[in-house]
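Take a look at the structure below.
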Amino acid sequence: MEIVILPSPSDVARAAADEIALLVESQPTSVLGLATGSSPLGVYEELAMRAEAGTLDFSSTRAFALDEYLGIPADQPQSYAHVIESSVIRPLRMNPSFVQVPDGRAHDLEAACVRFESAIAAAGGVDLQILGIGANGHIGFNEPTSSFASRTRIKTLTPQTRADNARFFPSLDNVPTHCITQGLGTIMEARRIVLVAQGAAKANAISAAVEGPVSSICPASILQHHPRATLFVDEAAAAQLSLAGYYRYVNENKCAW
Ligand code: GLP
């Protein structure tokens, strides 16, 4: 894993946006994996500025979202379909027909999960997956003890995740109990992974993911097995990394071989 510690959340957003821009500039038809939650919003804002300035063109870029709540209509502000539309598709000027979000309202949810996996495969897989991380180490909605081999499926949200996400809903009671999420096996097939984390509330999860054992109790720790995963974290999210000094040293002494 490459760990990049940056002074502030806006530096994290800029650095992650630079990685995505590099890919899309060289390969405009790339396939992106999109995360929701507040962590990647700054990244999307950075990319939107570049799209608006005409220096970055997402019109032929395809994308797949990580997850969706079950049972929320797509036009409700809390649905991830709505979030992806308003914070990614429109500001980045993407073609809406090139972006897919798991269907949390499907009549046959299991079939919807299978269709979603097939659509990713038909697109040739994800070139770059953007990730946030939950306070309990979840990625997507793969809660602790998720199988490392898991594919897109229905999951039950932990009480902690529901409480963490209640800020987006009128009350805790309105937070769905279930979701559809890409599996850890699905996420690990992305060719490049860029995870962003900001703030002290993520320090524990980041330390467990980076320096803890690879264990399903911290789902993000599976990223230790990914050949090209970069974690952009601000100082607060890096606060519990025992090797923080080494990660800084590595980044300050990049070798040009
Ligand atoms: C949400 C999403 C994740 C996200 C995480 C962190 O529940 N399903 O994809 O990374 O939790 O959210 P936030 O970035 O708002 O802290």
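Residue indices begin at 1 and follow the sequence shown. Remember, it's 1-based here, ligands and their atoms both numbered in the order they're listed.
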Please tell me whether [X] and [Y] have a donor and an acceptor in their side chains that are separated by less than 3.5 angstrom.
| X | Y | result |
| --- | --- | --- |
| Gln182 | Asp67 | no |
| Arg153 | Ser146 | yes |
| Thr152 | Arg115 | no |
| Glu19 | Thr230 | no |

In the protein, what heavy atom is nearest to [atom], and what distance, to one decimal place, separates them?
| atom | value |
| --- | --- |
| atom 8 (N) of ligand 1 | Asp67 OD2, 2.8 Å |
| atom 16 (O) of ligand 1 | Lys202 NZ, 2.6 Å |
| atom 14 (O) of ligand 1 | Ser39 OG, 2.5 Å |
| atom 4 (C) of ligand 1 | Thr36 O, 3.9 Å |
| atom 12 (O) of ligand 1 | Gly37 CA, 4.0 Å |

If the cut-off is 4.0 Å to any non-hydrogen atom of [X], which atoms of ligand 1 fall inside it?
| X | value |
| --- | --- |
| Phe141 | 1 (C), 7 (O), 8 (N) |
| Tyr80 | 1 (C), 2 (C), 7 (O), 8 (N) |
| Asn165 | 1 (C), 7 (O) |
| Gly132 | 10 (O) |

Is there a continuous path of hydrophobic side-chain contacts, each under 4.5 Å between heavy atoms, that joins Ile89 to Leu32?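 They do share one cluster, since a chain of ILVMFWY contacts under 4.5 Å joins Ile89 to Leu32.
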
Run down the list Ser38, Gly140, Ala35 and name the one with the heavy atom closest to atom 13 (P) of ligand 1.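 When every heavy atom of Ser38, Gly140, Ala35 is considered, Ser38 comes closest to atom 13 (P) of ligand 1.
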
Closer than 4.0 angstrom, basic N to acidic O: yes or no for Asp57 and Arg50?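 No, Asp57 and Arg50 are not salt-bridged.
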
May I ask you to identify, for [X], whether its side chain, its backbone, both or neither come under 4.0 Å of ligand 1 on a heavy-atom basis?
| X | answer |
| --- | --- |
| Ile133 | backbone |
| Arg167 | side chain |
| Tyr69 | neither |

Is there side-chain contact between Asn165 and Arg167, with heavy atoms separated by less than 4.5 Å?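 Counting from C-beta outward, Asn165 and Arg167 do come under 4.5 Å.
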
Verify the ring-centre separation between Phe169 and Tyr69: is it less than 6.0 angstrom?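 They qualify: ring centres under 6.0 Å apart.
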
Please confirm whether the ring centroid of Phe98 lies under 6.0 Å from the ring centroid of Phe58.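 Ring centres of Phe58 and Phe98 not closer than 6.0 Å.
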
Polar-atom distance check: His138 versus ligand 1, any N or O pair below 3.5 Å?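 N/O-N/O distance under 3.5 Å: yes.
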
